[in-house]
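Working notes, beginning with the structure itself.
Letters go in sequence order (proteins before strands), and every chain restarts at 1.
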Amino acid sequence: MNVRELLNAKAEAALEAAGCQPGTAAIVGPATRPEFGDYQANGALGAAKRMKINPRELAQRAVDAMPLHGIATCSVTGPGFISFTLADTFLGEVLAEDAGIAPAGAGQRIVIDYSHPNLAKEMHVGHLRSTIIGDALARTLEALGYEVTRQNHVGDWGTGFGMLVAHLRDMDQGDGGDQEQLADLERFYQEARRRFADDTAFAERARDVVTMLQQGDPTVRDIWRRYIDISMSHCQEVYDLLGVSLRPEHVRGESAYNDDLETVVNELDEAGLITEDDGALCVFLDEFRGRDGKVTPVIVRKSDGAFLYHSTDLAAVRYRVGALHAKRVLYIVDARQGLHFRQLFAVCRAVGYEGDASLEHHAVGLMQGPGGRPFATRHGNVLRLTDLLDESVQRARHVVADKSPHLSSTEREDVARVVGIGAIKYADLSKNRTSDYVFDWQAMLSFDGNTAPYLQYAYARIQSLFRRGGVNPASLTGTPTVDTPEEHVLALTLARRQETLEQVAAQAMPHFLCAWLYDLASAFMRFYENCPVLEEGPARNSRLLLCRSTADGIRTGLGLLGIETVERM
RNA sequence: GCGCCCGUAGCUCAGUUGGAUAGAGCGUUGGCCUCCGGAGCCAAAGGCCACAGGUUCGAAUCCUGUCGGGCGUGCCA
């Protein structure tokens, strides 16, 4: 149940009954000051101003007309807020009846484009954000009943691959040693680049290879395919380690659109959008002006006849809306590509590829190095994603060995993996998607405070309670009796899950889910300190039910972020 | 030059669309009872929300300007 929406609907009905125009926004949200209640409506203030009447009087009329039927009490506070305090009986019923996530999505099809690594190189820390934010959104949208199609638009095409394929062809002894050659993709890439720069004959061959690749030469295509397969399997290893739900079937890279590019350009031409300029085929849209007020073109074919990423992205929209029937296409992509997407969407509108779909670029902020500089290691290289993950798991191993020596070695290893990976993901996911942020080893590898291990620890503590009490949580029945202040806050937080998930989906912002999980775990920790659970007495069953709901909330919530839990740690 | 984003506690970040006394974590300081797990709990110190104007009953949030940073800006993606 979406409690916020429920209260908002009641507050709007009350405002209308109090004399406001129909449709006056009640603006209900969580209370900013808990001493005044659980939720508050701010809408009476603005409405009173427009009506030129006293805001407290309007709020009081709305309070008198509020059709709450026992779910909450409300009163006028401050200059004209309406403060709500949910009834403990209502909270108990919500928890008892509302175990699952309500399907708000109604089967709408959403294509979500995320991760999209460049297969020429290994995945580095810069790929982390799009990958895990996109994955959390895909999982959350699915849980809300949307029909989600994941698309991994990998970079597997273009001039850079001529160099790599030529180098691989030279290195290949015909003994199938590719795996070995490509074990360190980064090194292979650097070698190829050095040759391309130093050896003019090689550079010439590399350029020929690009042409042969695009024309479909079978031998070159075969080498390219082997390269892509190996590079892609490296990515899949990272996804698996990272707990990202992307699978090979979600890959539809740039190369997949190669055969559509000519058609796209023809369709743009038929729509009268193409202008030739300096030998390149361009779309000039008046709204995009750059230097000297001149229009900045969208170049869809270079003067040498080659296509660019605009062409590929146009073909991708055509496919996603036309063949996949997407109603929304979500691009979880670096903020630097903002202009590219504004141009892309404008061209799609002009040529008709947009249809009735909504094309949305949900920009991801940059991960920066110390001092807000572009991210690099001490040696000037980017940090490999696997190295970051390995480091975190290694640190978690030490902590687990220190704190949980009683666990078996296999269990310790599992905990180290779940904690280490979870910490990295949560550190990133808990930040606002759009903000640039500074990469910070200490914060990212911390297991204390507002971190994934804190949430995992709360979950493990609850499981420990069940074990110690000999309780099978699945067999618990009844409705919790919410009584103490700690129980009230815990139940209230649990009741906010649905509105939180809908907010995550509406704004494509997973950090709201992180904030909710932290609220939930903290509310549980305070409850745990103040309310004995296993003590025999009338509260025991009720408190066990609260524990079960909390454990479910943490496990499923973390699950939507792609973070695991453990039964003990 | 033009465009987009940003500037919040020593550090790293939130701040639900303009609401009440700006919140967390880390770090610092001080507490936590033979009691369900101390990866925890409680508390303290720490802020001219870059700066200056403006709009408003009300501004970290909206507008203008200044300073500082990041990114983009016709043949890479």
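- At a threshold of 4.0 Å, the pair A:Arg417-A:Glu413 does not count as salt-bridged, since none of the basic side-chain nitrogens sits closer than that to a carboxylate oxygen.
- If you check every strand for non-hydrogen atoms under 4.0 Å, A:Leu339 touches sugar and phosphate atoms only.
- Nucleic acid contact for A:Val399: base, since at least one base atom lies under 4.0 Å from a heavy atom of the residue.
- Ion pair A:Glu287/A:Arg342 not flagged as a salt bridge, since none of the NZ, NE, NH1 or NH2 atoms sits closer than 4.0 Å to an Asp/Glu carboxylate oxygen.
- Phosphate proximity of B:G18 to A:Asn42: absent, as no side-chain N or O sits under 4.0 Å from OP1 or OP2.
- Residue A:Arg526 has a polar side-chain atom (N or O) positioned under 4.0 Å from OP1 or OP2 of B:C42.
- Nucleic acid contact class of A:Cys547 (heavy atoms, under 4.0 Å, all strands): none.
- You'll find that the side chain of A:Arg4 is closest to B:U17, out of B:G37, B:U17, B:U12.
- Under the 6.0 Å cut-off for aromatic ring centres, A:Tyr114 and A:His153 do not qualify, their centroids lying 6.0 Å or more apart.
- Contact annotation for A:His340: no contact, since no heavy-atom pair falls under 4.0 Å across all strands.
- Nucleic acid contact class of A:Ala335 (heavy atoms, under 4.0 Å, all strands): none.
- Among the heavy atoms of the strands, none lies under 4.0 Å from A:Gln456.
- A salt bridge links A:Arg543 to A:Glu487: one of the charged nitrogens lies within less than 4.0 Å of a carboxylate oxygen.
- Here A:Lys294 does not reach the OP1 or OP2 of B:U73: none of its side-chain N or O atoms lies under 4.0 Å away.
- Heavy atoms of A:Lys403 sit under 4.0 angstrom from at least one base atom.
- In this model, no donor atom of one side chain and acceptor atom of the other lie less than 3.5 Å apart for A:Ser115 and A:Ser130.
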Just the table, please: protein N/O against nucleotides 22-29 of chain B N/O, every pair under 3.5 Å.
from, atom 1, to, atom 2, distance (Å)
B:C26, O2', A:Gln442, NE2, 2.8

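- At least one side-chain nitrogen or oxygen of A:Arg461 sits closer than 4.0 Å to the OP1 or OP2 atom of B:G38.
- Checked by distance alone, A:Tyr309 brings a side-chain donor or acceptor within 3.5 Å of a matching partner on the base of B:A77.
- Closest to the A:Ala460 side chain, of the nucleotides B:C75, B:G37, B:G40, is B:G37.
- Within 4.0 Å of A:Pro30, counting heavy atoms only, lies at least one base atom of the nucleic acid.
- At a threshold of 4.0 angstrom between heavy atoms, the contacts of A:Thr500 with the nucleic acid are absent.
- In the set B:G15, B:C75, B:G19, the nucleotide with an atom closest to the side chain of A:Gln40 is B:G19.
- At a cut-off of 3.5 angstrom, the base of B:G74 holds no donor-acceptor pair with the side chain of A:Thr296.
- Ring planes of A:Trp157 and A:Trp224: perpendicular class, angle over 60° (limits at 30 and 60°).
- Residues in residues 24-36 of chain A take part in these salt bridge (Lys or Arg N to Asp or Glu O under 4.0 Å) pairs, two or more places apart or across chains: A:Arg33-A:Glu35.
- The list of salt bridge (Lys or Arg N to Asp or Glu O under 4.0 Å) pairs with a residue in residues 422-444 of chain A, not counting sequence neighbours, reads A:Arg129-A:Asp428.
- Using cut-offs of 30° and 60° for the angle between ring planes, the A:Phe341 and A:Tyr331 rings count as tilted.
- Base engagement by A:Tyr457 is indicated by at least one non-hydrogen atom pair under 4.0 Å involving a base atom.
- A:Leu58 has its CG atom 17 Å from the P atom of B:C57, to the nearest Å.
- Rounded to whole Å, atom C1' of B:A39 lies 14 Å from atom CG of A:Leu558.
- Within the 4.0 angstrom heavy-atom criterion, base atoms lie near A:Gly78.
- For RNA chain B, runs of at least 3 consecutive pairs of the Watson-Crick or G-U wobble type, with both hydrogen-bonding distances under 3.5 angstrom, map to B:1-7 with B:67-73, B:10-13 with B:23-26, B:28-32 with B:40-44, B:50-54 with B:62-66.
- Closest to the A:Ile299 side chain, of the nucleotides B:G37, B:U17, B:G74, is B:G74.
- Considering only side-chain atoms of A:Phe447, the nucleotide from B:G19, B:U21, B:A39 that sits closest is B:A39.
- You'll find that the side chain of A:Gln503 is closest to B:U16, out of B:U16, B:C75, B:C13.
- Which of B:A77, B:C75, B:A39 sits closest to the side chain of A:Gln337 comes down to B:A77.
- The closest side-chain donor-acceptor pair between A:His362 and A:Glu360 falls under 3.5 angstrom.
- Both thresholds, 5.5 Å between centres and 30° between ring planes, are met by A:Phe81 relative to the base of B:A20, so the two rings are stacked.
- Residue contacts for A:Asp277: at a heavy-atom cut-off of 4.0 Å it reaches a base atom on one of the strands shown.
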I'd like a list of close polar pairs between nucleotides 54-56 of chain B and the protein, N/O only, cut-off under 3.5 Å.
from, atom 1, to, atom 2, distance (Å)
B:U56, O2', A:Lys49, NZ, 3.1

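- A:Tyr426 places a side-chain N or O within donor-acceptor distance of the main-chain N or O of A:Cys514, the cut-off being under 3.5 Å.
- A side-chain donor from one of A:Asp38 and A:His488 sits under 3.5 Å from a side-chain acceptor of the other.
- In this structure, CD of A:Gln368 is placed 13 Å from P of B:G69, rounded to the nearest angstrom.
- Residue A:Tyr454 has a polar side-chain atom (N or O) positioned under 4.0 Å from OP1 or OP2 of B:C41.
- Note on A:Phe284: a base of the nucleic acid sits closer than 4.0 angstrom, heavy atoms only.
- Separating the P atom of B:G18 from that of B:A60 is a span of 13 Å, rounded to the nearest Å.
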Pair up each side-chain donor or acceptor in residues 40-49 of chain A with any protein partner under 3.5 Å, not counting sequence neighbours, and list the distances.
from, atom 1, to, atom 2, distance (Å)
A:Gln40, OE1, A:Thr32, N, 3.1
A:Gln40, OE1, A:Thr32, OG1, 3.4
A:Gln40, NE2, A:Asn42, OD1, 3.0

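- One finds no salt bridge joining A:Arg496 and A:Asp519 here, because no Lys/Arg side-chain nitrogen approaches an Asp/Glu carboxylate oxygen to under 4.0 Å.
- One finds no side-chain N or O of A:His511 lying less than 4.0 angstrom from the OP1 or OP2 phosphate oxygen of B:C13.
- Taking the C1' atom of each, B:U21 and B:C67 are spaced 31 Å apart, rounded to whole Å.
- Summarising the geometry, the separation between CZ on A:Phe341 and C1' on B:U73 is reported as 17 Å, rounded to the nearest angstrom.
- In the set B:A20, B:G70, B:G38, B:G70 carries the atom at the smallest distance from any side-chain atom of A:Asp436.
- Across all strands, A:Leu308 comes closer than 4.0 Å only to sugar-phosphate atoms, never to a base (heavy-atom distances).
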List the steps, then state whether side-chain hydrogen bond (donor to acceptor under 3.5 Å, both in side chains) holds for A:Thr77 with A:Ser83. CA-CA 6 Å; A:Thr77 54; A:Ser83 294; 2.8 Å; yes

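- Under the stacking definition used here (centres under 5.5 Å, planes under 30°), the residue A:Phe36 qualifies as stacked on the base of B:A20.
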Passes side-chain contact (heavy atoms from CB on, under 4.5 Å), A:Thr565 versus A:Val418? Steps please. CA-CA 7 Å; A:Thr565 48; A:Val418 169; 6.0 Å; no

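- Taking the syn range as angles within 90° of 0, the glycosidic angle of B:U29 is outside it, so the base is anti.
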